[in-house]
Engineer: 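The structure that follows is given in the form of structure tokens.
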Amino acid sequence: MTELLLTNSAGGGKSVFKPMDPEHIRMYVCGPTVYNLVHIGNARPVVVFDTLFRVLQALYPKVTYARNITDIDDKIIVAARERDTDIMTLTQEFTDKFRQDMAALNNLDPSIEPQATAHVEAMLDLTARLIERGHAYVSEGHVLFDVTSMEDYGELSGRNLEDMLAGARVEVSSYKRHPGDFVLWKPSRDDDPGWDSDYGRGRPGWHLECSAMIHQHLGDNIDIHGGGRDLIFPHHENERAQSCCGYGGSFVGTWMHNAYVDMDGEKMSKSLGNVRTVRELLEQYSGETLRFALLSAHYRSPLNFSKELLDNAQATLDGFYLALRNAGDTAAEASDAHLSPVFSALLDDLNTPEAIAELHQLAKALNKASENEKAAAKAALLAGGAVLGILSEDPVAWLSKSDPDGLTAEVIDQMLIDRAEAKANRNFSRADAIRDELNGAGIIIEDNASGATWRRG
RNA sequence: GGCUCGGUGGCAGAGUGGUGAUGCAGCGGAUUGCAAAUCCGUCUACGCCGGUUCGAUUCCGACCCGAGCCUCCA
């Protein structure tokens with residue numbers, strides 16, 4: 001019996017995942033606000049939930065995975081103004097770049113990628129419902145959610161209104177009845193983007209789009225809702241309030257939140273100015289290496305980001321690809337993902353470090369395999385890699401990945417021919433000099449029964 | 001101030017009421033003309049103090065340290 005265990009951040013710890021409809025799993029993950037390039041911390045939830053998407057697809061006949069694009073937001077308005085362009089041009093550019101970056105990290109496309117600006121009508125409909133039901137009110141051109149109208153407001157994030165006010169960091173505004181009330185709709189100035197509504201020309205508050213889009217595309221109740229830890233409050237708390245009060249229902253079965261990518265023990269964030277964009281990292285490391293690095297810690301633990309982390313990730317992947325390459329042309333047999341120890345590890349709340357440990361065992365088994373065991377061992381390693389979204393490259397291509405600053409393959413091959421000739425003449429000092437020269441250029445030489453091969457180290 | 005998480009060997013990082021994580025690095029060996037790759041073996045660990053228990057790194061309590069959220073945030 002293959003059971004998937006997941007940790008619900010709404011409480012209850014780790015428990016067996018019970019789908020609302022085993023024939024159709026529905027998952028929603030908060031995507032980016034598209035006003036600049038995403039950083040490696042933004043990529044973590046995408047990779048984590050992509051991995052979960054793969055596991056779910058292996059377990060259930062149909063999985064709908066929605067990841068939104070927030071393309072209307074005050075940060076977008078400011079960024080567009082700074083660049084002297086309109087928000088559509090800006091958001092289109094960064095939506096495209098986000099998709100490219102995420103594809104580079106071997107993320108599958110989500111089933112649907114709803115955009116906020118395409119759902120303004122649905123958002124206004126939800127706003128009207130909330131007003132109708134007495135959960136929201138109009139004040140000075142704003143529409144606000146009345147937090148006191150919801151019995152268990154704060155349950156998701158484990159806080160209550162009194163505690164929140166104790167911190168006294170809550171924005172107090174004249175138009176709010178309660179300082180904890182949050183905006184559903186706010187007025188736009190004439191030079192701001194806006195949509196006409198019963199409350200005047202304005203734009204949606206931050207949380208509204210997710211509630212409205214989940215309702216429209218996935219229904220009132222979904223199995224899994226994911227995102228970064230910092231979204232628990234206020235974003236997901238408020239989303240939950242809107243959806244539960246507007247549409248009824250329990251909204252989300254399992255809430256999942258990933259921890260941050262840290263820089264020197266501090267969270268990576270735009271405001272701290274310690275971000276590393278995916279795009280700049282891709283200049284130095286392959287997308288697969290970045291993905292593997294992000295999966296090297298459990299998703300609920302902080303991941304400390306460093307050059308060492310990435311170098312280790314690359315070296316480990318090189319090792320896996322070496323095992324695959326050394327297995328030669330052996331055709332991999334078909335392999336059932338469900339039987340993979342890698343898959344079993346992932347069933348335990350997406351334990352990717354354990355899954356990677358299993359991958360090491362599979363690679364070792366492949367290295368030790370006899371000729372008639374190779375096909376199965378190779379298949380097992382590839383199947384294990386596939387569920388993690390790695391090891392999909394051709395091993396030879398991976399190990400000889402082109403390097404514009406390095407020696408070309410033609411030059412290297414010629415040097416190896418020269419070296420082989422020197423070796424044949426037992427001129428080892430000449431042979432070693434060639435190898436040293438190649439080593440100096442970052443090329444590692446391996447001799448074996450059939451001659452010499454090379455890879456970039 | 002309120003509310004959450006964490007602290008595991010040189011490093012990264014799982015897990016568990018009682019023998020193994022795993023990887024990198026180190027050390028020893030096999031193999032090699034020498035290497036590389038691979039294989040075999042091997043050292044180093046659970047923040048601090050109490051409690052529960054036959055037995056605690058694991059459960060409970062206090063303490064120390066670190067991180068996060070409290071209306072910008074993955």
Side-chain angles (χ1 to χ4, degrees), chain A residues 9 29-33 38-49 73-75 78 147 154 157-160 162-173 176 179-183 205-207 226-235 237-238 257-262 265-272 275 293 296-304 306 308-309 311-313 315-316 318-319 322-323 325-326 345 348 351-361 363-364 366-368 423 426-429 431-432 435-436 438-439 443-448 452-455 457:
Chain A
S9 28
V29 174
C30 287
T33 301
V38 291
H39 59 69
I40 189 71
N42 298 126
R44 190 174 190 189
V46 178
V47 168
V48 164
F49 291 104
D73 174 273
D74 286 2
K75 293 190 293 295
V78 170
V147 291
S157 55
R159 53 190 89 206
N160 57 54
E162 292 74 51
D163 289 347
M164 279 159 48
L165 295 179
R169 269 225 266 158
V170 184
E171 181 195 349
V172 181
S173 305
K176 289 185 182 178
D181 291 350
F182 58 91
V183 171
W206 176 29
H207 320 294
R229 212 177 183 73
D230 48 350
L231 294 182
I232 295 175
F233 191 88
H235 185 54
E237 189 69 69
N238 291 349
H257 295 96
N258 62 278
Y260 308 110
V261 174
D262 289 346
E266 267 189 326
K267 76 181 275 195
M268 182 181 297
S269 78
K270 287 152 197 157
S271 52
L272 291 172
V275 302
S296 66
H298 184 87
Y299 76 91
R300 281 186 291 109
S301 298
L303 175 68
N304 201 40
S306 64
E308 195 189 13
L309 172 76
D311 288 344
N312 279 340
T316 301
D318 284 353
L322 269 168
R325 189 204 63 186
N326 293 346
D348 183 10
N351 192 335
T352 52
E354 178 67 33
I356 290 169
E358 295 295 350
L359 228 39
H360 281 288
Q361 301 318 302
K364 182 176 285 190
L366 175 56
N367 282 326
K368 292 167 74 170
K423 280 178 67 173
R426 299 197 65 77
N427 184 354
F428 293 121
S429 62
D432 290 351
R435 185 173 64 201
D436 288 346
L438 285 165
N439 285 165
I443 309 298
I444 297 166
I445 303 309
E446 296 166 29
D447 290 332
N448 53 51
T453 56
W454 62 272
R455 64 191 164 93

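Chain letters run A, B, ... following the sequence lines, proteins first and then strands; every chain starts at 1. Just so you know, these numbers use all the heavy atoms, side chains as well, and skip hydrogens, waters and symmetry mates.
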Engineer: What is the distance, rounded to the nearest whole Å, between atom CG of A/Asn448 and atom C1' of B/U31?
Structural biologist: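 Result: 13 Å.
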Engineer: When we call it a touch if two heavy atoms are under 4.0 Å apart, what does A/Val261 touch: a base, just sugar-phosphate, or nothing?
Structural biologist: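 The answer is base, as A/Val261 lies within the cut-off (heavy atoms under 4.0 Å) of a base atom.
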Engineer: Reckon A/Lys75 touches a base, only the sugar-phosphate, or nothing at all at heavy-atom distances under 4.0 Å?
Structural biologist: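 Sugar-phosphate contact only.
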Engineer: Using Watson-Crick and G-U wobble pairs whose two distances are both under 3.5 Å, how do you write the pairing of RNA chain B as dot-bracket, with | for links to another strand?
Structural biologist: (((((((..(((.....[...))).(((((.......)))))....(.(((..]....))).))))))))....
Engineer: Would you mind classifying the nucleic acid contact of A/Asn326 as base, sugar-phosphate or nothing, using non-hydrogen atoms under 4.0 angstrom?
Structural biologist: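 Answer is sugar-phosphate: A/Asn326 comes under 4.0 Å of backbone atoms only.
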Engineer: Tell me the interatomic distance from A/His360, atom NE2, to B/A14, atom P, rounded to whole angstroms.
Structural biologist: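 Atom NE2 in A/His360 sits about 13 Å away from atom P in B/A14.
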Engineer: Say you pick atom P in B/A25 and the same atom in B/G33; how far apart are they, in whole Å?
Structural biologist: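 It works out to 24 Å between them.
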Engineer: Quick check for you: among B/C73, B/C40, B/A37, whose closest atom lies nearest to any side-chain atom of A/Glu446?
Structural biologist: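 It is B/A37.
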Engineer: Rounded to whole Å, how long is the line connecting atom CG of A/Asn238 with atom P of B/U71?
Structural biologist: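 That distance rounds to 11 Å.
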Engineer: Between B/U22 and B/C40, how many Å separate the two P atoms, rounded to a whole number?
Structural biologist: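 After rounding to an integer number of Å, I get 12 Å for this pair.
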Engineer: In whole Å, I'd like the distance from the CD atom of A/Gln361 to the C1' atom of B/U22.
Structural biologist: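 Distance, rounded to whole Å: 7 Å.
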Engineer: NA contact type, A/Gly227, heavy-atom cut-off 4.0 Å: base, sugar-phosphate, or nothing?
Structural biologist: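 Sugar-phosphate, no base atom in range.
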Engineer: Dump every N/O contact between nucleotides 3-11 of chain B and the protein below 3.5 Å, one line per pair.
Structural biologist:
{"unit_1": "B/C3", "atom_1": "O2'", "unit_2": "A/Gly158", "atom_2": "O", "d": "3.2"}

Engineer: A/Tyr260 has a side chain; which of B/C73, B/G23, B/C69 sits nearest to it?
Structural biologist: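 Per side-chain heavy atoms of A/Tyr260, the pick is B/C69.
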Engineer: Over all strands shown, is A/Leu322 touching base, sugar-phosphate only, or nothing at heavy-atom distances under 4.0 angstrom?
Structural biologist: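 If one applies the 4.0 Å heavy-atom cut-off, A/Leu322 turns out to touch the sugar-phosphate alone, with no base involved.
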Engineer: Rounded to whole angstrom units, what separation is found between the CD atom of A/Glu354 and the C1' atom of B/U16?
Structural biologist: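 Those two atoms, CD and C1', are 12 Å apart.
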Engineer: For A/Phe233, answer base if it contacts any base atom (sugar-phosphate contacts may also be present), sugar-phosphate if it contacts only those atoms, and nothing otherwise; contact means non-hydrogen atoms under 4.0 Å.
Structural biologist: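 Touches sugar-phosphate only.
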Engineer: So what does A/Asn367 hit on the nucleic acid, given a heavy-atom distance under 4.0 Å: a base, only sugar-phosphate, or nothing?
Structural biologist: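 Sugar-phosphate contact only - A/Asn367 comes under 4.0 Å of backbone atoms but never of a base.
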Engineer: B/C73, B/C34, B/A21: which one has an atom nearest the side-chain heavy atoms of A/Trp206?
Structural biologist: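 It is B/C73.
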Engineer: Between B/A74 atom P and A/Glu266 atom CD, what is the distance in whole Å?
Structural biologist: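 One finds 17 Å between P of B/A74 and CD of A/Glu266, rounded.
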Engineer: For the side chain of A/Arg435, counting heavy atoms from C-beta on, which of B/C34, B/A14, B/A74 is nearest?
Structural biologist: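 The listed nucleotide nearest to A/Arg435's side chain is B/C34.
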Engineer: Counting only distance, no hydrogens or angles, is the base of B/G15 paired donor-acceptor with the side chain of A/Asn351 under 3.5 Å?
Structural biologist: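 In this structure, the two groups form no donor-acceptor pair.
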Engineer: CD1 of A/Ile443 versus P of B/A36: gap in Å, rounded?
Structural biologist: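 Roughly 17 Å, once rounded to whole Å.
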Engineer: Under 4.0 angstrom, heavy atoms only, what part of the nucleic acid is A/Glu358 near: base, sugar-phosphate, or nothing?
Structural biologist: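 No contact.
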Engineer: Picking from B/A14, B/A74, B/C70, which would you name as closest to the side chain of A/Pro234?
Structural biologist: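 Nearest nucleotide to the side chain: B/C70.
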Engineer: So, is A/Lys423 close to the B/C34 phosphate, meaning a side-chain N or O under 4.0 Å from OP1 or OP2?
Structural biologist: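 Negative; the distance criterion is not met.
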